[in-house]
Protein chains: 2
Amino acid sequence: MDKKIPYKIYLEENELPTQWYNMRADMKKKPAPILNPGTHQPITVDELSPIFCEELAKQELDDTTPYIDIPQEIQDFYRMYRPSPLTRAYFLEKKLGTPAHIYYKFEGNNTSGSHKLNSAIAQAYYAKEQGLKGVTTETGAGQWGTALSMACSYFGLDCQVYMVKVSYEQKPFRREVMRTYGATVTPSPSMNTNVGRKMNEEFPGTTGSLGCAISEAVEAATTQEGYRYVLGSVLSQVLLHQSVIGLETKMALDKYGIKADTIIGCAGGGSNLGGLIAPFMGQMLRGEANYDIIAVEPASCPSLTRGVYAYDFCDTGKICPLAKMYTLGSSFIPSANHAGGLRYHGMSTIISELYDEKLITARSVEQTDVFKAAQLFARVEGILPAPESSHAIKVAIDEALKCKETGEEKNIVFGLTGTGYFDMVAYQQFNDGKMSDYIPTDEDLQKSISEMPKV
Amino acid sequence: MDKKIPYKIYLEENELPTQWYNMRADMKKKPAPILNPGTHQPITVDELSPIFCEELAKQELDDTTPYIDIPQEIQDFYRMYRPSPLTRAYFLEKKLGTPAHIYYKFEGNNTSGSHKLNSAIAQAYYAKEQGLKGVTTETGAGQWGTALSMACSYFGLDCQVYMVKVSYEQKPFRREVMRTYGATVTPSPSMNTNVGRKMNEEFPGTTGSLGCAISEAVEAATTQEGYRYVLGSVLSQVLLHQSVIGLETKMALDKYGIKADTIIGCAGGGSNLGGLIAPFMGQMLRGEANYDIIAVEPASCPSLTRGVYAYDFCDTGKICPLAKMYTLGSSFIPSANHAGGLRYHGMSTIISELYDEKLITARSVEQTDVFKAAQLFARVEGILPAPESSHAIKVAIDEALKCKETGEEKNIVFGLTGTGYFDMVAYQQFNDGKMSDYIPTDEDLQKSISEMPKV
């Protein structure tokens, strides 16, 4: 390739994807079905429909259709902030002195600040199409809640967000962005739901957890007329919507004849990673190409690298379907010093199955190293990254430094999922030298894993 | 024009400006010279050089060279975040039901969150070229300080920021971004400088002002070996650097054969407005075209609409050169309920002269109206705007609604200078219905204006 590669590769609007890609269709061994929590039988669209919008319930269970049309209204909304740039990290390469070529797909150039908007707008669209009044959800770090409030505002839907109490208190600005978009934000556990009241009674003063907030949001959806529950990660439908990231990335690389060698994404519930790798994994599953794919997770919440692959509850309240996934047990909660997101106890069933088949690898990294990488990146590439995204930066730098040793000119692609503008408390800890690491002990994990359901 | 106009017009990298445009060269009546505060004579490059880098001092006084080359290293840095998108506000047009076509040039897609980086990188570059150790500056709302810390980090320069104390305390996250980029941030008035110590003594408990922070930064620059002072607005050199905004805007419009009718920018010190309008004003000055150009300022700090055109001090400490400008008097401080930036008492000498010659018009708007416009814009266009930028949004909406009445298909272009991620305290006041307006009385203004120097 002699063609000079620009700093940023933008696609033309007419090159934007018009269909999402559903990896499951190309998987020979499908992800294990999600189960009805009562009967332990594979759940049906009818059983899911009281919780999810009908079209989304169908997408959740569809493991055979490879391409699903993106409705025109969603395509229109995507044009508000997509295509996102694929950036050649020339400045970072120079700083590292690596022969590797580093590219990152930046999803933070929208007000929600992350990739979450790609699925939020899809879920809001189907809710509106079904004639619903509104949706409920939970949010931890706040990216998903912000994205959903933007999407609901666009379609005139009511948006009720249960925000993990500790985040509600520590991230008042995230809350205000949601309110600016008209959402109702309730700290969880709340007194609005049975689950919340029980939790407040049993653990007075608790600052909440993602699993509990999920249970509250599901209860709120199923007990209000005209409401459904929506979720920002983990689900197969979310990975489907997020495939827009990977499809754009692949098209941008193809335009310049660039073949990725290594693809890196942070992994909490798996939506960013699943979206970024989708078309590349499709090629691998069809035997057309091979890539070195790396999922990066926090050492403090290591579901892939230290979890078990088994059926587990998706929420603390145990009212959601059971999913077979790499999990630390639904009672696992990351230690209090863990900053940022990526704190879910389990992992997308799709990512879990791909990992189990060794089609992807995983690494865990400690947060002070992650923030060091974040600071370096911010200084040379001019983007203050989200702590979540910085997990991928850390491993991309590690891989680029390996290339420096070996002299390999690898093409390293990573997902830069969002900005860190609302994570400055964590940056302040880092700047003040007060950030600490925590790795759960084997005993910690054995305890939460032992509390899993026997399926 | 039948060619469909995309949501976002991006320029190719090889279309980026390689020269800045200096409006003053085409002005028949030049802006009045800045004066030595001691002698009241036009200041020379030699007299300016102890304060400013030499090359910047030359640019400050150069009112004859129309195009000035952008050094390659600055062009490289611009490629990190430029070209910025020119967005067709299809969603806003639809919401308003206007036949007008609305475009906005969005400068917030970089971590400093605003256009200020365009000049920060230039000023840091010249400081490095001169072999300096570092630079000092002041910051109010924090956008300029953030931009400068990014720029200094890139060139390995020390960066000392005097941050107005009230902002330092209310915007800890802005401060942390600066620290992440390695800057030293000191609340002003401080005990580091004579000016600061005097201010703290005379007004115990004062929360500072921009004029005082400027004086402190200038004193710090002139009393440390190897330091110079840099400023983020008002100066003619800053408008020169910011012309990159307008040059890109004009090129993007020209690509699609779009002729702007109305061009709108918010105006504090005038750098954004001056940059945005530069090439368009050039056409007007050369008699090649005509545009309706509107400067928008806060009703609480109305230098154009209610100030006088006269020589004034640029800083509270009265150690900077005197400038002839529209001004409220250097002792004017906006009321405490004023949110966001645009709080400087004066206006760029270039903008002042253009306004005096009636080549541009000005409007003042009240902040609750500004935040209403901001919220509407955020909801339909998906970008949470900075309060400063929202002044331009407010007037763009007003103009678009006039077109709705008249049926005119005007092309309205406005500058969206930045994001509001660090202004959520103000948004919270607005969301809670606690935001108030304040318009200074004639007596307020007469007092500060009467304290101006007699030149």
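In this text the structure is predicted, and so the values were computed from the model without any measurement. Lettering follows sequence order; numbering is per chain, from 1.
Within the 4.5 angstrom heavy-atom criterion, only side-chain atoms of A/F422, from C-beta onward, approach chain B. Interface remark: A/F173 contributes backbone and side-chain atoms alike to the contact with chain B (heavy atom separation under 4.5 Å).
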Would you mind checking chain A against chain B for donor-acceptor pairs under 3.5 Å and listing them?
unit_1, atom_1, unit_2, atom_2, d
A/Y7, N, B/E13, OE1, 3.4
A/Y7, N, B/E13, OE2, 2.7
A/K8, N, B/E13, OE2, 3.3
A/K8, NZ, B/M80, O, 2.8
A/E13, OE1, B/Y7, N, 3.4
A/E13, OE2, B/Y7, N, 2.7
A/E13, OE2, B/K8, N, 3.3
A/M80, O, B/K8, NZ, 2.8
A/N110, O, B/Y421, OH, 3.4
A/T111, N, B/G382, O, 3.4
A/T111, OG1, B/G382, O, 3.3
A/T111, OG1, B/L384, N, 2.5
A/E176, O, B/N431, ND2, 3.3
A/E176, OE1, B/N431, ND2, 2.9
A/R179, NH1, B/D432, OD1, 2.8
A/R179, NH2, B/D432, OD1, 2.8
A/T180, O, B/Q375, NE2, 3.0
A/T180, O, B/R379, NE, 2.9
A/T180, O, B/R379, NH2, 2.9
A/T180, OG1, B/N431, ND2, 3.1
A/Y181, OH, B/A378, O, 2.8
A/Q375, NE2, B/T180, O, 3.0
A/A378, O, B/Y181, OH, 2.8
A/R379, NE, B/T180, O, 2.9
A/R379, NH2, B/T180, O, 3.0
A/G382, O, B/T111, N, 3.4
A/G382, O, B/T111, OG1, 3.3
A/L384, N, B/T111, OG1, 2.5
A/Y421, OH, B/N110, O, 3.4
A/N431, ND2, B/E176, O, 3.3
A/N431, ND2, B/E176, OE1, 2.9
A/N431, ND2, B/T180, OG1, 3.1
A/D432, OD1, B/R179, NH1, 2.8
A/D432, OD1, B/R179, NH2, 2.8

